[in-house]
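Some notes on the structure that comes next.
On a predicted model such as this, the values are computed, not experimentally measured, just so you know. Just follow the structure's listing: the first ligand is 1, and inside any ligand the first atom is 1.
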Amino acid sequence: MSRLLEVEDLQVSFKTYGGEVKAVRGVDFYLNQGEVLAVVGESGCGKSVTAQSIMGLLPKKVSRIKGGSVTFEGEEILGLPKKQMQAIKGSKIGLISQDPMTSLNPTMMVGKQIAEVIKKHTDIAKNQIKVRVIELLAMVGLPNPEQRYSQYPHELSGGMRQRVLIAMAISCDPQLIIADEPTTALDVTIQAQILDLLKDLQKSLDTSIMIITHDLGVVAEVAQRVAVMYAGVIVESGTVEEIFENPDHPYTWGLLNSIPKYGSGEKDRLIPIQGSPPDLFAPPTGCPFAARCEYAMEICVQEMPDKKRTSETHHARCWLNDPRAPLVKDLISAGRAE
Ligand code: SF4
């Protein structure tokens, strides 16, 4: 599989009245051609800021990219001039945002909004654009696509509006779709339909998808690889099997313990992760999860653990993976954790 997107040591800060918020602190991950990668973590962990950095959508006045690199098809795209980035957005990278109501123009017919994108980024003949839009609306499963073309966003349900956004994102055959919490605003049955649609489109169009979510259920449903993000850092990454069956980081263990399991009974209570994420005005020098981690050792608060590789595809940043660390069962029997 060839590498489509590579993010290395990305660092992004925001200027606020209270000082500098270090929202993304050295993020690394990659996405191969035709692959679905899920970036998962709690709100505020920096996953959407990472996506906005890739798309060049950070608010210029208050944000600053402090370092790192983002290569797309082998070319550096971080900090590209607006015009060059505009050419990539839409034609090569499509975006599906979490709130279709604010992403669509309420005063314009949805078909016309998709037509605008096609006009801007492709050389399809003018008289063919409407035909293409109707084809796209049908592809994303909207009934009566000819009629939908002339409707306004408020005339459609939340699920339908999300389908319109997906049609817009795929309208120029992008190599990469970034889907930022695409199902968060939808009810459960519609969520499942949208995820099925994304999976079908990924296969039929052979595109790559980077899906951003806080929901491990979404990850299990659509992704092949997962990057777990916490306090602006990727703390673990691996294939879906590696992350769900053999996770290597206490934060990932916590996330997995806090979701219901199929067939679990009343006695199997969900265990929430206690505490809250660190203050990113003054992030800790050591492991960002240390204050919430029941296995924390002295070294954890002093030094950020390096990335340790347990397979070609599986990495975690945790001192427990250091060969000198005690086994978790030793820490438990020593009364450090119960
Ligand atoms: Fe817990 Fe230490 Fe691992 Fe951080 S490095 S997750 S504090 S054991």
Identify whether the distance between the nearest side-chain nitrogen and carboxylate oxygen of Arg64 and Glu20 falls below 4.0 Å. no
What ring-ring contact (aromatic ring centres under 6.0 Å, His included) pairs are there with at least one residue in residues 211-240, not counting sequence neighbours? Tyr230-Tyr251, Tyr230-Phe289
CG-CE distance between Leu137 and Met168, expressed to the nearest 0.5 angstrom: 9.5 Å
Anything protein N, O or S sitting under 2.8 Å from atom 1 (Fe) of ligand 1: count it and give me the total. 1
Within 6.0 angstrom of Lys112 NZ, more than 12 heavy atoms from elsewhere: no
May I ask you to check whether Gln86 and His121 show a side-chain donor-acceptor distance below 3.5 Å? no
Is atom CZ of Arg3 surrounded by more than 12 heavy atoms (other residues, nucleotides or ligands) closer than 6.0 Å? yes
